[in-house]
Amino acid sequence: MKQFTDAAELYVLAQAYEKAASIYCQTKQFQRAAPLMDKITTPKIHAMYAKAKENERDYAAAAIAYEKAKDLDNVVRLYLYHLDSPGKAFDIVRRTKSAAGASMVAEYCINAQKGKSKTPDYQTAIEFLLMAKKPEEAFVLAKEHKQMDQYAKALGDDGTMEEYLNIALWYEEQKQYAKAADFYSICGDYNKAIKLYLQSGEGHIDKAIGVVKKANSSGQTGTELLVRQIHDYLIGEVDG
């Protein structure tokens with residue numbers, strides 16, 4: 001051990017800080033490594049130092065070291081479970097789009113009540129489940145906790161036709177007909193979309209007309225039947 005220590009001290013004198021810090025970390029002399037870490041750029045050395053700081057329960061120092069090691073998933077973990085800084089964890093994952101980080105955040109949000117008397121944050125969990133490429137779990141959570149608005153918002157323009165259809169069906173089951181119509185329109189079921197817009201009342205006439213225009217621009221045949229639905233509604237032949 002003394003030989004390694006002597007070698008490290010010589011490296012320090014020679015300003016070869018990377019080699020000195022590497023020796024200190026490998027020989028678990030982390031207190032000697034500490035003053036050198038600001039001069040270190042090698043991620044592997046920062047990772048060793050981060051693990052040591054975490055073992056010492058110096059989580060703030062560990063988070064800084066993990067970040068310098070470019071191991072942001074571990075930074076996220078420490079912010080969530082040891083530093084009580086979930087907002088910082090969310091920001092990191094939104095920036096990195098890490099699937100592993102997103103899974104951690106989603107799990108944290110769902111189970112946040114355990115041991116901390118906090119309520120689950122299903123809206124945020126849905127956002128990060130989608131980011132973690134777990135759309136089925138996100139949809140189930142949205143259905144179970146009536147967070148379909150958040151699911152649809154988080155899905156944005158990145159969903160599949162099947163996902164949009166599932167949203168439409170759920171809204172229709174809940175008798176939220178205008179919202180269902182929005183997603184039937186996305187799926188190209190213009191007849192169903194118009195029917196539900198009209199069923200939602202006069203306030204949605206403009207949206208129904210918009211569907212006709214969309215159908216026309218897409219080249220779909222039979223748009224005269226769509227126009228007839230609106231016409232009949234407006235003259236009172238159909239009970240809205």
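Along the sequence shown, the residues carry numbers beginning at 1.
To the nearest 0.5 Å, atom CG of residue L130 and atom CG of residue D158 are 9.0 Å apart. Note that the CG atom of N55 and the NZ atom of K28 stand 8.5 Å from one another [nearest 0.5 Å]. I23 contributes atom CD1, which lies 12.0 Å from atom CZ of R32 (distance to the nearest 0.5 angstrom). Taking CE of M48 as the reference point, atom NZ of K44 lies at 6.0 Å (rounded to 0.5 Å). The distance from the CH2 atom of W170 to the CZ atom of F183 is 11.5 Å, given to the nearest 0.5 Å. Note that the CD atom of Q31 and the CD atom of E56 stand 7.0 Å from one another [nearest 0.5 Å].
The aromatic rings of Y108 and Y81 sit perpendicular to each other, their planes meeting at more than 60°, with 30° as the lower class boundary.
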Result block: side-chain N/O donor-acceptor pairs under 3.5 angstrom for residues 63-75, not counting sequence neighbours:
{"from": "Y66", "atom 1": "OH", "to": "E54", "atom 2": "OE1", "distance (Å)": "2.9"}
{"from": "K68", "atom 1": "NZ", "to": "D38", "atom 2": "OD1", "distance (Å)": "3.1"}
{"from": "D71", "atom 1": "OD1", "to": "N74", "atom 2": "N", "distance (Å)": "3.4"}
{"from": "D71", "atom 1": "OD2", "to": "N74", "atom 2": "ND2", "distance (Å)": "2.7"}
{"from": "D73", "atom 1": "OD1", "to": "S98", "atom 2": "OG", "distance (Å)": "2.8"}
{"from": "D73", "atom 1": "OD2", "to": "S98", "atom 2": "OG", "distance (Å)": "3.4"}
{"from": "N74", "atom 1": "OD1", "to": "R77", "atom 2": "NE", "distance (Å)": "2.9"}
{"from": "N74", "atom 1": "OD1", "to": "R77", "atom 2": "NH2", "distance (Å)": "2.8"}

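Within the 4.5 Å cutoff, no side-chain heavy atoms of C109 are placed close to those of N111. Residues L155 and I167 are in side-chain contact: their nearest non-hydrogen atoms beyond the backbone lie under 4.5 Å apart. Annotation: side chain of V211 is not in contact with side chain of Y184 (no heavy-atom distance under 4.5 Å). Counting only heavy atoms from C-beta outward, the side chains of M37 and I40 approach each other to under 4.5 Å.
L198 and A208 get closest at one heavy-atom pair: CD2-CB, 4.2 Å. Pairing each heavy atom of L36 with each of A21, the nearest pair is CD1-N, 4.0 Å. The two residues Y164 and G159 have their closest heavy-atom pair at OH-N, 3.0 Å.
Distance alone, capped at 3.5 Å, places no donor-acceptor pair between the S185 side chain and the A181 backbone. Put simply, the side chain of K97 gets close to the backbone of R94: a donor and an acceptor are under 3.5 Å apart.
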Would you sort out whether Q176 and M148 count as a side chain to side chain contact (heavy atoms under 4.5 Å, CB included), showing the intermediate values?
-> CA-CA 11 Å; Q176 298 183 49; M148 198 59 65; over 6 Å; no
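Using modelled atom types and a 3.5 Å distance limit, the side chains of T27 and Q29 yield a donor-acceptor pair.
Under the 4.5 angstrom side-chain criterion for Ile, Leu, Val, Met, Phe, Trp and Tyr, V140 has no cluster partners at all.
In terms of hydrophobic clustering, with Ile, Leu, Val, Met, Phe, Trp and Tyr side chains grouped at heavy-atom distances under 4.5 Å, Y59 and I92 are assigned to a common cluster. Note on V105: it clusters hydrophobically with Y79, by side-chain heavy-atom contacts below 4.5 Å among ILVMFWY residues. Y177 is not connected to Y171 by any chain of hydrophobic side-chain contacts under 4.5 Å among Ile, Leu, Val, Met, Phe, Trp and Tyr, and they are in different clusters.
Judged as a ring-ring contact (aromatic ring centres under 6.0 Å, His included), the pairs with a partner in residues 133-154 (not counting sequence neighbours) are, in order, Y122-H145, F139-Y151. Residues in residues 173-192 take part in these salt bridge (Lys or Arg N to Asp or Glu O under 4.0 Å) pairs, two or more places apart or across chains: D149-K179, E172-K192, D182-K207.
For the side-chain hydrogen bond (donor to acceptor under 3.5 Å, both in side chains) test with S22, the passing option among K19, Q26, E18 is Q26; the others fail.
Listed by chain and residue number, D58, L83 satisfy the side-chain contact (heavy atoms from CB on, under 4.5 Å) test with A60 (two or more places apart in sequence, or in another chain). Qualifying side-chain contact (heavy atoms from CB on, under 4.5 Å) partners for A102, counting only residues two or more places apart in sequence or in other chains: V93, F128, M131, A132.
For NZ of K195, the number of neighbouring non-hydrogen atoms (other residues, nucleotides, ligands) closer than 6.0 Å is 12 at most.
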